[in-house]
Structures are given as C-alpha cells and as structure tokens.
Amino acid sequence: MKKWISFKLSIQIFLGFIFLAILFQLLVMAGLVPPDIVWGGRLQSQDELIKMESISLIILVFMALIIAIKARWIFFKIAKLTDYVIWLIPLLFFLNTLGNSQALNPMERFIFTPITLVLTLISLRIALEKIPH
C-alpha cells in the first residue's frame, strides 16, 4: 500500500476531504443542504440534527489534529501517541462506510459510501507509516 500513494500525498488528500466534510456539515447545520442525506436519513428533529452534526464536527476536527500530529506539523512532543490513536480513524471510516451503504437516501448510499471507502484506505495508508521519533 505504501507504494500506491505517498505519505505526504495521502496526508494532503485526507485533510482536503476533512476540510470538505467540515464545510458540508456546516452547510447541513445551516439548512443549505437537506438533512435527509446525512445520518442515513433517520434524524427526526432539528435538535437531533444539530446534536449529531456537532458530534460529527468534533470527530472531524479530532481526526484532522491526529493526522497533523502524525505528519509532524504540530505538537511534536506527543507524536508517539498518534501511532496508536491513529488506528481509530480507518476504523471509524470503515464503520461509516458500512453505515452509508445502508442509508435510506440513495445519494448517501451511492456517493458517500465510495468516498468513505477511499478515506478508509487513505487513512489506513497514513496509519501504516512508521516515522522515526
């Protein structure tokens, strides 16, 4: 997998997708994107939407921080910790891929499922990188 895509490029692609995902979540919260294309189309109220989208935003920011630490862009002193925590990211994207594949909304099923699968593979590539400390 390491020969398939470089560590640097995988970081850039991953963070680009995370930025777009954050923007997307904010658009959903603002009502500019229909809420039936998130969370499997199963949210029942605006309060539930805001709560779940807020959780999504926190997770996305956390992932971006972990990746930036792994890339040695920030918080160099705790970089060793990311060698363990980073494995949560491909796991979360894999679970998200399974969830998207079961979504009620066809857009979520056919557009977001492949995107989260790609993010699963890219985050796995990042997690596999061994960086000397």
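Just so you know, these numbers come straight off a predicted model, no measurement behind them.
No side-chain heavy atom of L121 sits less than 4.5 Å from a side-chain heavy atom of V118. Taking 4.5 Å as the limit, some side-chain heavy atom of I86 sits within range of a side-chain heavy atom of I89. Between L119 and I13, the closest side-chain pair of non-hydrogen atoms is not below 4.5 Å.
If you chain together hydrophobic residues whose side chains sit under 4.5 Å apart, F19 and I67 never meet in one group. One hydrophobic cluster holds both L23 and L15 under the rule that ILVMFWY side chains link at heavy-atom gaps under 4.5 Å. Hydrophobic cluster membership is shared by L128 and W4, with clusters built from Ile, Leu, Val, Met, Phe, Trp and Tyr side chains linked at under 4.5 angstrom. A single hydrophobic cluster is seen to contain both I18 and I55, as judged by linkage of ILVMFWY side chains at heavy-atom distances under 4.5 Å, directly or through other members. By the criterion of side-chain heavy atoms lying less than 4.5 angstrom apart, applied directly or through intervening Ile, Leu, Val, Met, Phe, Trp or Tyr residues, V28 is not grouped with L104; the two fall into different hydrophobic clusters.
Atom CD1 of I22 sits about 14.0 Å away from atom CZ of F17, to the nearest 0.5 Å. The structure places CZ of R125 at 4.5 Å from CD of E129, a figure rounded to the nearest 0.5 Å. To the nearest 0.5 Å, atoms CG (L117) and CG (L98) are separated by 9.5 Å. To the nearest 0.5 Å, the span separating CE on M29 from CE on M52 amounts to 12.0 Å. Interatomic distance, T120 OG1 to I115 CD1, rounded to the nearest 0.5 Å: 12.0 Å. Distance check, rounded to the nearest 0.5 Å: CD1 of I69 to CG of L81 gives 7.5 Å.
Here F14 and F93 bring their ring centres to under 6.0 angstrom of each other.
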Assess whether ring-ring contact (aromatic ring centres under 6.0 Å, His included) is satisfied between F112 and F24, documenting all intermediate values.
CA-CA 12 Å; F112 296 134; F24 178 77; 5.4 Å; yes
Quick one, M63 with I66, criterion side-chain contact (heavy atoms from CB on, under 4.5 Å). Give me CA distance, side-chain angles, the key distance, then yes/no.
CA-CA 5 Å; M63 286 184 194; I66 294 299; 5.7 Å; no
Apply side-chain contact (heavy atoms from CB on, under 4.5 Å) to the pair L49 and V38, showing each step before the final yes or no.
CA-CA 9 Å; L49 173 76; V38 295; 4.1 Å; yes
Test side-chain contact (heavy atoms from CB on, under 4.5 Å) on T97 and N100 and set out the steps.
CA-CA 5 Å; T97 301; N100 285 343; 5.8 Å; no
Start with the C-alpha gap between I122 and I126, add the side-chain angles, then the distance that decides, and say whether side-chain contact (heavy atoms from CB on, under 4.5 Å) holds.
CA-CA 6 Å; I122 289 174; I126 294 167; 4.2 Å; yes
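K70 places no side-chain N or O within 3.5 Å of a backbone atom of I11 that could act as its donor or acceptor partner. Proximity of a side-chain donor or acceptor of T113 to a complementary backbone N or O of F110 within less than 3.5 Å is not detected. Side chain of T82 to main chain of I78: no donor-acceptor pair is present (N/O by atom type, distance under 3.5 Å, no hydrogens or angles).
Listed here is the closest heavy atom pair of A103 and R109: O-NH1, 2.6 Å. When all heavy atoms of A127 and W87 are compared, the pair lying nearest together is O-CZ2, 3.6 Å. Residues R42 and Q102 approach most closely at NH2-O, 3.4 Å, considering heavy atoms. Across every non-hydrogen atom of W39 and S56, the tightest pair is CZ2-OG, 3.1 Å.
Around atom CZ of F94, no more than 12 heavy atoms belonging to other residues, nucleotides or ligands sit under 6.0 Å away.
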